[in-house]
Amino acid sequence: MQFHVSKKGNDKNPGTKAAPFFTIQRAADAAVAGDRIIVHEGIYREWVKPAHGGTCENQRIVYEAAEGERVSIRGSELVSQWTRVEDSVWKAEIPNTLFGEFHPFLETVSGDWMVSPLETPVHLGEVYLNGHALYEAFSLQEVKKAEKRVKSTQVSWWNIEEYILEPERSIYQWYAEVEEDITVLYANFQEYDPNEECVEINVRKSCFMAEETGINYITVRGFEICQAATPWAPPTADQIGIVGPYWAKGWLIEENDIHDAKCSAVSLGKEKSTGHNKFTKDGKKPGYQYQLEAVFLARHIGWSKERIGSHIVRNNRIYDCGQNGIVGHMGCIFSEIYGNEIYRIAVKHEFFGHEIGGIKLHAAIDVKIRNNYIHDCSLGTWLDWEAQGTRLSGNIYDKNRRDFMIEVTHGPCLVDNNIFTAEYTFDNAAQGTAFVHNLCGGFMNHYDVRNRSTPYHLPHSTEVLGTAMVYGSDDRWYQNIFIGGKEEERCYGTSSYDGAAISMKEYIERVKHLGEGDLELYEQVKQPAYIRGNAYFAGAKAFDREENYYSTEENPNMQLQTEEDGVYLSIMLPADFFNTETTEINTEILGMARMPEQRYENPDGSELTITEDMLGEQRGSHPTIGPVEGLKEGENYVCVWKKSI
């Protein structure tokens with residue numbers, strides 16, 4: 001059955017095309033498996049909470065914008081009737097009944113692993129001027145001054161240095177005073193008269209998300225979804241996004257324009273019963289311990305492939321969010337994330353915590369993240385805990401402060417055919433990762449983590465097999481391009497693996513050579529490194545036992561350039577670069593990750609072979625080093641991302 005929704009409709013109507021509903025929620029209450037909800041032109045200021053789900057892939061409930069019509073679902077409300085206070089400062093008085101039980105201008109960005117600011121926390125409320133978010137001030141006096149200021153927050157986590165506010169936007173500020181019956185908003189709109197412009201404020205926590213678990217097989221297609229007061233979403237809390245399933249299976253989120261989440265845009269994350277900011281609330285145990293408990297608690301409530309995950313997030317634009325473009329702990333298992341453009345995530349720098357990234361996933365078991373364009377973010381992608389069977393393939397990272405981090409996971413995880421361009425390219429605080437056919441344009445931090453024992457699983461399952469510390473290495477680096485840089489004492493290339501064994505046989509012999517014992521022996525021996533066939537440019541250094549590699553002091557002058565039709569890779573390659581012996585990389589070569597004893601293979605358990613480059617071109621038996629096949633001697637200029645919107 002089809003239901004129609006229109007701004008000219010009425011919720012007392014039957015929801016037909018001739019007599020449509022007025023709200024999307026009315027259609028959501030009526031729809032059952034197999035139904036389609038078509039929403040017509042207009043702005044819908046509501047939080048859509050699906051009441052029912054589909055039953056299988058072919059019996060979904062589909063929500064979609066009418067073809068050729070612009071439909072916006074917003075968590076905001078318009079604010080008019082501003083009164084001038086002085087010069088460019090205005091105020092508006094808003095009845096608290098507008099907010100109901102959730103008041104974003106009282107609620108703060110807070111929770112586990114939130115770092116700064118703590119003494120004067122930022123609120124979930126937001127003020128938008130013609131669609132652009134202003135900055136929160138902490139007093140009326142600040143709003144009145146509203147100078148072009150540079151504010152920095154010093155943090156010390158994974159070698160991150162200062163964050164700096166964008167000075168050109170910081171002059172537009174707001175401040176809220178919440179009284180018993182009203183909220184008084186003050187804002188410095190500079191040269192704008194708010195009574196003649198579009199001014200909106202955050203009111204709702206989400207725009208399209210169920211409040212109950214188990215609402216399965218929902219499609220969300222073709223909408224603008226924006227401006228919601230989404231809360232801080234660590235892996236130990238209720239992870240709420242602008243849009244997403246709430247601990248369910250089989251959602252399809254595609255071809256949407258998703259932006260201006262206070263924290264996270266798309267959530268594929270956990271629900272509340274497995275823990276909600278317990279470390280922040282009572283501090284009885286470290287946050288790490290609560291996160292570990294969340295994994296086992298999730299198993300008790302049915303965390304499995306049969307009930308959770310297998311979502312698809314594709315061909316969306318996701319941007320201007322404070323914490324994440326896509327977030328998820330455990331709820332993301334067996335999902336696919338591809339074809340998305342994700343940008344300007346966590347660059348406003350009003351707050352900082354340890355859960356920030358264009359994509360930030362925990363326990364991304366058998367998740368495929370491919371062919372996304374991730375740019376202008378604080379951190380492009382962060383895979384944290386249990387990235388087992390995860391594959392990061394064919395993605396483009398550009399103009400990020402840092403491109404990629406993988407942390408406290410034991411593999412097997414495959415990172416192949418990606419372009420990384422940030423000067424600060426990687427943090428590798430994991431083991432069991434295979435890096436194949438990537439282009440790495442900056443330095444890498446590589447270190448062990450011996451104070452957090454984290455889970456690993458039976459192959460392609462959520463069943464926990466054991467937990468272990470991360471001793472580093474057990475990594476594979478095959479046929480990647482590395483480019484050196486200017487920062488001294490940094491590792492450009494694979495030299496951080498120097499001294500490692502090059503086979504499991506040698507590793508075991510080194511352990512046995514230490515004599516009788518158990519755990520204390522393994523703690524003294526670096527795990528094997530499997531490194532071959534890479535190319536090192538401009539001072540990048542090879543692993544001391546690598547054979548069959550290419551090295552030159554020449555700089556290939558690699559860069560990404562944005563044109564009207566897409567993104568192009570520019571790179572200069574010498575003739576002898578193509579003489580390096582290479583081979584097709586497959587399951588047999590990649591072997592088995594040591595700790596979980598799982599092969600590098602497809603999610604269905606079949607053999608994996610990297611037969612294509614990042615553009616889908618066939619590689620052959622003598623593939624080109626790096627992510628793009630068919631490069632030539634001299635200057636290359638190749639389109640690596642086609643704009644679709």
Side-chain angles (χ1 to χ4, degrees), residues 112-113 115 156-160 233-237 239 269-270 274-275 279 285-299 303 324 327-333 353-357 359-367 369 379-392 402-415 425-435 444-458 462 464-476 496-497 519 522-523 526-527 529 593-598:
D112 294 350
W113 291 290
V115 174
S156 55
W157 180 265
W158 305 128
N159 298 308
I160 303 170
T236 49
Q239 292 186 309
K270 69 178 283 296
T274 50
F279 168 64
K285 308 171 192 176
Y288 149 75
Q289 198 66 37
Y290 286 119
Q291 185 173 337
L292 186 60
E293 289 176 4
V295 174
F296 290 93
L297 288 169
R299 285 290 306 152
W303 179 43
N324 306 119
V327 69
H329 182 200
M330 297 186 288
C332 59
I333 55 175
H354 300 319
E355 303 301 332
I356 279 173
I359 300 174
K360 175 69 197 283
L361 301 179
H362 291 77
I365 297 171
D366 281 0
V367 172
I369 304 170
L379 170 56
T381 298
W382 187 347
L383 299 178
D384 200 348
W385 286 54
E386 302 147 280
Q388 187 167 332
T390 311
R391 185 171 182 180
L392 187 81
R402 185 172 35 149
D403 282 337
F404 178 62
M405 180 170 182
I406 185 165
E407 183 185 4
V408 290
T409 184
H410 310 288
C413 178
L414 176 59
V415 178
T425 300
F426 284 166
D427 273 298
N428 182 3
Q431 57 193 16
T433 308
F435 299 89
M444 290 169 282
N445 292 325
H446 175 212
Y447 38 89
D448 56 33
V449 182
R450 301 197 180 198
N451 61 350
R452 285 182 286 161
S453 183
T454 52
Y456 53 92
H457 300 261
L458 293 174
T462 58
V464 177
L465 178 58
T467 71
M469 306 296 184
V470 168
Y471 295 101
S473 199
D474 191 31
D475 292 336
R476 288 92 176 131
S496 63
Y497 293 85
L519 175 62
Y522 292 90
E523 290 178 328
K526 185 181 287 190
Q527 293 183 103
R594 172 178 168 258
M595 196 57 66
E597 297 188 272
Q598 178 181 330

To the nearest 0.5 Å, what is the distance between [atom1] on [X] and [atom2] on [Y]?
| X | Y | atom1 | atom2 | value |
| --- | --- | --- | --- | --- |
| T425 | M444 | OG1 | CE | 6.5 Å |
| R594 | Y456 | CZ | OH | 9.0 Å |
| N324 | I356 | CG | CD1 | 7.5 Å |
| M330 | T274 | CE | OG1 | 5.0 Å |
| N428 | Y497 | CG | OH | 4.5 Å |
| Q598 | C413 | CD | SG | 11.0 Å |

Legend entry - Audit row: L361, I369, side chain to side chain contact (heavy atoms under 4.5 Å, CB included) steps and yes/no: CA-CA 11 Å; L361 301 179; I369 304 170; 3.9 Å; yes
Inset, instruction - Flag the pair H362 / W113 as yes when their ring centroid distance falls below 6.0 Å, and as no otherwise. - result: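 Not under 6.0 Å, so no.
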Under 3.5 Å, side chain of [X] to main-chain N/O of [Y], donor-acceptor pair present?
| X | Y | answer |
| --- | --- | --- |
| Q431 | H410 | no |
| W303 | T462 | no |
| Q239 | A233 | yes |
| Q388 | H457 | yes |

Would you call [X] and [Y] a side-chain contact if the rule is heavy atoms closer than 4.5 Å?
| X | Y | answer |
| --- | --- | --- |
| E407 | M405 | yes |
| F404 | V415 | yes |
| E386 | T454 | no |
| D427 | W382 | no |

Could you pull out all donor-acceptor pairs under 3.5 Å where a side-chain atom in residues 286-296 meets a protein atom, sequence neighbours excluded?
residue : atom : partner : partner atom : Å
Y288    : OH   : S453    : N            : 3.0
Y288    : OH   : S453    : O            : 2.6
Y290    : OH   : D282    : OD1          : 2.8
E293    : OE2  : K285    : NZ           : 2.6

Inset, instruction - Looking only at non-hydrogen atoms, find the nearest pair between C332 and A363 and report the distance. - result: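 Heavy atoms only, the tightest pair is SG-O, 3.8 Å.
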Please name all residues satisfying side chain to side chain donor-acceptor pair (under 3.5 Å) with [X], sequence neighbours left out, ordered by chain then number.
| X | answer |
| --- | --- |
| T433 | none |
| T390 | none |
| D112 | T236, T280 |
| T409 | none |

Legend entry - Residues that A593 engages under side-chain contact (heavy atoms from CB on, under 4.5 Å), provided they are two or more places apart: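 In terms of side-chain contact (heavy atoms from CB on, under 4.5 Å), with neighbours along the sequence ignored, A593 is linked to P412, D474, P596, Y600.
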Inset, instruction - Tell me, please, which residues at least two apart from R450 pass side-chain contact (heavy atoms from CB on, under 4.5 Å). - result: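 Listed in chain order: D448, Y471, E523.
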Inset, instruction - Apply salt bridge (charged side-chain N to carboxylate O under 4.0 Å, His left out) to E355 and list each qualifying residue two or more places apart in sequence or on a separate chain. - result: K360
Legend entry - Residues in salt bridge (charged side-chain N to carboxylate O under 4.0 Å, His left out) contact with D475, at least two apart in sequence or another chain: none
Inset, instruction - May I ask you to check whether over 12 heavy atoms, not counting those of F279, lie within 6.0 Å of atom CZ? - result: no
Inset, instruction - With V408 as reference, evaluate D384, N451, L383 under the side chain to side chain contact (heavy atoms under 4.5 Å, CB included) test and give the passing residue. - result: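 The single option meeting the side chain to side chain contact (heavy atoms under 4.5 Å, CB included) with V408 is D384.
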